[in-house]
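Nothing fancy with the numbering, it's 1 onward along the sequence.
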Amino acid sequence: MESKLSYLAELGVETIYFCPIFEALENHRYGTADYEKIDPMLGTQEDFARLCRKAHAKGIRIILDGVFNHVGWASKYFNATGIYGDGGAARDENSPYHDWFLWERWPDQYKSWWGCKTLPDFNKQNPDFLHFLCGEDGVIRSWLRAGADGWRLDVADELPDEMVHALHQAARAEKKDGLIIGEVWEDGSTKMAYDVRRKHIWGGHCDGLMNYPLRNALISYLLGGNARQFMLDMETLREHYPPFAFHNAMNALGTHDTLRILTFLGTGSAPRGDWSREQRAAYEMTEEEYLRGLWRLKMGFTLLFAFPGAPTVYYGDEAGVTGFEDPFNRKTFPWGGENEELLAFVSRLGRLRKTIPALRRGEISYLAAEQGLLAFSRTLDGETVIAAANRGDRGAHLQLPFPAVDALTGERFPQNATIPSHRAVLLQKAP
């Protein structure tokens, strides 16, 4: 990973979010075995601390994945398989971890994540468990002390509000800007979980959420939906969210839980329900599908990098990686086989996002949102940048406030502009 920091810096990356890196038996590591150890397949604590130092030297921060709702049944805490000796809650009723879990009948009946018995749920009201996470030498603070800068909370809507608040407090106690991002797939202001309206973005809980509502609205638009619906959905979100949550949202087109975005945009749908795993794994996009996915993805990336919040790229999406849902979306990175055109395009967007303050902190205002034409401006301290996209098959008219130049290509546009079909532009006032 250290050797790829320069690659990431050239992309304009300022934050790396790691999926779980702690010791676990599965490749995906969402069934944690030991929160206090880096998985040996990845390295050591010393390797992690060194990586953080080198990343910080390049202006890159590190966000870790906190999977605190449930744990692996083969973990040191539960230890159903005996990998960790005779201790653990499932093997010793007197274990200090026994009350960390919700037993219906010890040792083989217990609450688990969505009924998956290999992922027993934690008793999230247990004070010893909460201290293990949030204490001065707990998981949250110790890894921030080791060099991390924040946490993304897995299934945040399944964690009690009081627990999320405690995690947030622990992060802030260790680092004044320690970040907490929650995994929530819906509008976080109206989210109901277990008959409780959640406090995700009320302050003192999550600093921002994964912005799946943006992803859904953007994909719908790119696949033929009306731009007006995108505007309405996003203005509703802006109305619901406090400014800190709206501007801290983790905006992504692809994640480890979704189809590869190039495949989704190129084929226009998820794989057929009757396809076997073998068919999903072997599927190769046609040239027509790939080219269609490519122009849609470039449009999507342009809007993503121009929209308020933190544009987030799932590894390999910038290089043209394809694939259906998990595990087919977790291919290795194609070093030496990247789509160079797409990679250069995303790198350009990353550099513009870093160098144009209006793209980072500017207020948003919509100029057009009808059928295939979508345009909005970001304005800060008198500087305005306009993101305009046309997914239609013909050029679309857009009246601009000034003659402009596309920051992506250098192409000039008059005030009475025509946005080319299948294209998105980032327009600045022409000199």
Are [X] and [Y] within salt-bridge range, i.e. N to O under 4.0 Å?
X	Y	value
R280	D326	no
E14	K58	no
D406	R423	yes
D177	R61	yes
R50	E2	yes
R152	D154	yes
E23	K76	no

Any sub-3.5 Å donor-acceptor pair from [X]'s side-chain atoms to [Y]'s backbone N or O?
X	Y	answer
T236	L232	yes
N251	N211	no
N248	F244	yes
N329	T258	yes
R292	G266	yes
N79	G87	yes
N126	D99	yes
Y315	R330	yes
R296	L265	yes
K429	F402	no

Centroid separation under 6.0 Å, is that true for the rings of [Y] and [X]?
X	Y	answer
F18	F48	no
F307	F376	yes
Y35	W143	no
F333	Y7	yes

Taking only residues two or more places apart in sequence or in another chain, which ones pass side-chain hydrogen bond (donor to acceptor under 3.5 Å, both in side chains) with H256?
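side-chain hydrogen bond (donor to acceptor under 3.5 Å, both in side chains) check on H256 returns Y30.
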
So H70 and D121, side-chain hydrogen bond (donor to acceptor under 3.5 Å, both in side chains) or not? Walk me through it.
CA-CA 4 Å; H70 49 266; D121 278 347; 4.6 Å; no

Would you indicate whether the side-chain heavy atoms of [Y] and [X] approach each other to under 4.5 Å?
X	Y	answer
K124	L159	yes
I201	S189	yes
E363	L380	no
Q125	P160	yes
I419	V425	yes
D92	D86	no
L42	D47	no
I16	I63	no

Taking atom [atom1] of [X] as the centre, report whether more than 12 heavy atoms of other residues, nucleotides or ligands fall under 6.0 Å from it.
X	atom1	value
M41	CE	no
K111	NZ	no
D108	CG	yes
W114	CH2	no
H131	NE2	no
E284	CD	no

Atom [atom1] in [X], atom [atom2] in [Y]: separation rounded to 0.5 Å?
X	Y	atom1	atom2	value
L209	E183	CG	CD	10.5 Å
L64	I62	CG	CD1	8.0 Å
T322	M285	OG1	CE	6.5 Å
L426	L408	CG	CG	4.5 Å
M299	F301	CE	CZ	13.5 Å
I261	L253	CD1	CG	5.0 Å

Run the salt bridge (charged side-chain N to carboxylate O under 4.0 Å, His left out) test on D207 and R172 for me, step by step, so that the C-alpha distance in whole Å, both residues' side-chain angles and the decisive distance to 0.1 Å come before the verdict.
CA-CA 11 Å; D207 299 304; R172 288 292 205 273; 2.9 Å; yes

Listed by chain and number, what are the salt bridge (Lys or Arg N to Asp or Glu O under 4.0 Å) partners of D137, not counting sequence neighbours?
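If we apply the salt bridge (Lys or Arg N to Asp or Glu O under 4.0 Å) test to D137, skipping adjacent residues, the hits are R145.
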
Result of checking E136, R141, Q169 against E174 for side chain to side chain contact (heavy atoms under 4.5 Å, CB included):
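So the option named by the test is R141.
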
Go through N339 and Y290 one step at a time and tell me if the side-chain hydrogen bond (donor to acceptor under 3.5 Å, both in side chains) criterion holds.
CA-CA 11 Å; N339 181 315; Y290 188 87; 2.9 Å; yes

Among F78, F101, F122, ring-ring contact (aromatic ring centres under 6.0 Å, His included) partner for Y110
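Only one of F78, F101, F122 forms a ring-ring contact (aromatic ring centres under 6.0 Å, His included) with Y110, namely F78.
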
Please determine which of Y84, F68, Y97 meets the ring-ring contact (aromatic ring centres under 6.0 Å, His included) test together with Y77.
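Only match with Y77 under ring-ring contact (aromatic ring centres under 6.0 Å, His included): Y97.
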
Only one of R198, H200, H205 passes side-chain hydrogen bond (donor to acceptor under 3.5 Å, both in side chains) with D161; say which it is.
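Going through the options one by one, the only one that passes is R198.
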
Check whether W185 forms a cation-pi arrangement with K191 (NZ or CZ under 6.0 Å from the six-membered ring centre, at most 45° off the ring normal).
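No, K191 and W185 do not form such a contact.
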
Heavy-atom closest contact (R391 atom, L222 atom, distance):
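Result for this residue pair: CD-O, 4.0 Å.
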
Give the ring-plane orientation class for F246 versus Y241, where under 30° counts as parallel, over 60° as perpendicular and anything between as tilted.
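Rings of F246 and Y241: perpendicular, as their planes differ by over 60°.
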
Under 30°, 30 to 60°, or over 60°: which ring-plane class applies to W103 and H98, parallel, tilted or perpendicular?
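Ring orientation, 0 to 90° scale: parallel.
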
Working for side-chain hydrogen bond (donor to acceptor under 3.5 Å, both in side chains), residues T384 and S377:
CA-CA 6 Å; T384 295; S377 63; 5.7 Å; no

Would K298 and E341 satisfy salt bridge (charged side-chain N to carboxylate O under 4.0 Å, His left out), going step by step from the backbone distance to the final call?
CA-CA 10 Å; K298 290 169 73 174; E341 176 194 356; 2.8 Å; yes

